[in-house]
Protein chains: 2
Amino acid sequence: MSALQGAGYRSGGARRQVVEFLGRQDCALTALEIDQGLPGVGRASVYRALEQLEQLHLVQSLDVGRDAKGYERIDPGGEHHHHIVCSRCGKVVPFEDSRLERAIDAVASESGFDVRGHEVTLRGRCGPCSKLRS
Amino acid sequence: MSALQGAGYRSGGARRQVVEFLGRQDCALTALEIDQGLPGVGRASVYRALEQLEQLHLVQSLDVGRDAKGYERIDPGGEHHHHIVCSRCGKVVPFEDSRLERAIDAVASESGFDVRGHEVTLRGRCGPCSKLRS
DNA sequence: ATGACTGCAAAGCCTTTGCACGCAA
DNA sequence: TTGCGTGCAAAGGCTTTGCAGTCAT
């Protein structure tokens with residue numbers, strides 16, 4: 001919010017609601033899920049807010065294999081997590097790993113890019129699904 | 001191809017063309033780009049082929065931030081790469097890093113999932129774009 | 001008062017599905 | 001001959017855009 005104001009944005013209701021709603025979630029949600037979770041907010045406003053928030057690096061989008069993109073808030077504290085997705089049942093499990101982060105930081109610093117974020121997704125079958133044949 | 005036949009698929013023309021076309025590419029392409037690169041192949045066949053090939057782990061899909069998902073062939077040799085995407089101009093640069101792979105393997109083995117693949121994407125600004133203001 | 005923000009609705013675009021024909025086995 | 005594979009076209013679903021009204025500054 002303060003970051004929003006600092007970036008020259010007015011404290012409009014819709015965008016603030018999106019940020020706060022995402023802040024309450026444990027893991028990524030799709031734009032449509034966010035829209036459904038905010039009955040008073042128009043769908044277009046949700047998409048517009050997500051676009052702006054992503055540019056401000058307050059929100060990160062990621063592909064969890066579902067039909068739509070997922071969005072989640074970036075923790076200002078710097079801690080963040082990644083995801084393991086079950087390709088059969090769609091379950092998404094977050095994880096974090098400092099060794100992985102260090103490896104990514106090393107790559108980023110050698111890349112010639114001004115890297116602002118990253119995303120890691122593992123895909124496979126969760127415990128229960130790996131015991132099934134189909 | 002042999003892997004296709006082994007999986008019980010017939011050597012239909014469209015699917016084989018998709019595999020071979022992807023094998024010729026250096027980096028990920030969207031389904032539409034693949035369709036455009038294969039004039040004789042119907043769009044639906046491209047999507048259907050990609051879906052099957054992804055299940056067979058011959059092709060991997062990934063989100064490079066563009067409007068559509070990207071697809072690229074999985075190198076049978078085991079070598080694979082990840083991507084850095086410029087969030088301003090959309091440029092995609094592949095990279096590989098063994099330390100990163102090891103960190104991911106460690107996470108995978110502790111996850112309780114039967115992990116079959118993974119995807120890493122770094123986002124930021126490429127050299128030229130990082131020198132621009134907007 | 002000004003212009004950013006919002007909601008609604010329509011349009012856009014990628015992707016999926018239905019259906020009949022063709023070809024591999 | 002069987003039915004998997006394919007192409008075309010239409011439908012589906014997520015996302016974006018246009019527009020006028022509203023609200024923060």
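Just so it is clear, the values below take in all heavy atoms, side chains as well, and ignore hydrogens, waters and symmetry mates. Quick note on labels: first sequence line is chain A, next is B, and so on, each numbered from 1.
Nucleotide D:dT15 holds its P atom 11 Å from the CG atom of A:D63, rounded to whole Å. Counting to the nearest Å, the C1' atom of D:dA10 and the CZ atom of B:R43 are 13 Å from each other. With rounding to whole Å, A:E33 atom CD is found 15 Å from D:dT15 atom C1'. One atom, CG of A:L29, and another, P of D:dC14, lie 14 Å apart when rounded to the nearest Å. When the P atom of D:dT15 is taken as reference, atom CD of A:Q36 falls 12 Å away, rounded to whole Å. Residue A:D67 contributes atom CG, which lies 12 Å from atom C1' of D:dG12 at whole-angstrom precision. At whole-Å resolution of the value, NZ in B:K69 and P in C:dC13 are 20 Å apart. Distance, A:D35 CG to C:dA9 C1': 14 Å, rounded to whole Å.
Note on A:A44: a base of the nucleic acid sits closer than 4.0 angstrom, heavy atoms only.
For A:R48, the side-chain atoms get nearest to C:dT6 when compared with the rest of C:dT6, D:dT6, C:dC14. Nearest to the side-chain atoms of B:L32 among the listed nucleotides C:dT15, D:dT15, D:dC14 stands C:dT15. Checking C:dG7, C:dC14, C:dC19 against the side-chain heavy atoms of B:A68 singles out C:dC14 as nearest. Distance from the side chain of B:A31 is smallest for C:dT15 among the nucleotides C:dT6, C:dT15, D:dC8.
In terms of polar N and O atoms assigned as donor or acceptor, the side chain of B:R16 never comes within less than 3.5 Å of the base of D:dG5 in a complementary pairing.
Note on A:R15: a side-chain N or O is less than 4.0 Å away from OP1 or OP2 of C:dC5. Contact annotation: A:Y47 does not reach the phosphate of D:dT16 (side-chain N/O to OP1 or OP2, under 4.0 Å).
A 4.5 Å side-chain heavy-atom check between A:E79 and A:E96 finds at least one atom pair inside the cut-off.
Taking the ring centroids of A:H118 and B:H82, they lie at or beyond the 6.0 Å cut-off.
Shown here for A:D114 and B:S130, the closest heavy-atom pair between the two residues is CB-CB, 4.1 Å.
Under the side chain to side chain contact (heavy atoms under 4.5 Å, CB included) criterion, A:E72 pairs with A:C27, A:A28, A:Q60, A:L62, A:H81, A:H83, sequence neighbours left out.
In the hydrophobic clustering of this structure, A:V41 groups with A:V19; members are Ile, Leu, Val, Met, Phe, Trp, Tyr whose side-chain heavy atoms approach within less than 4.5 Å, directly or through other members.
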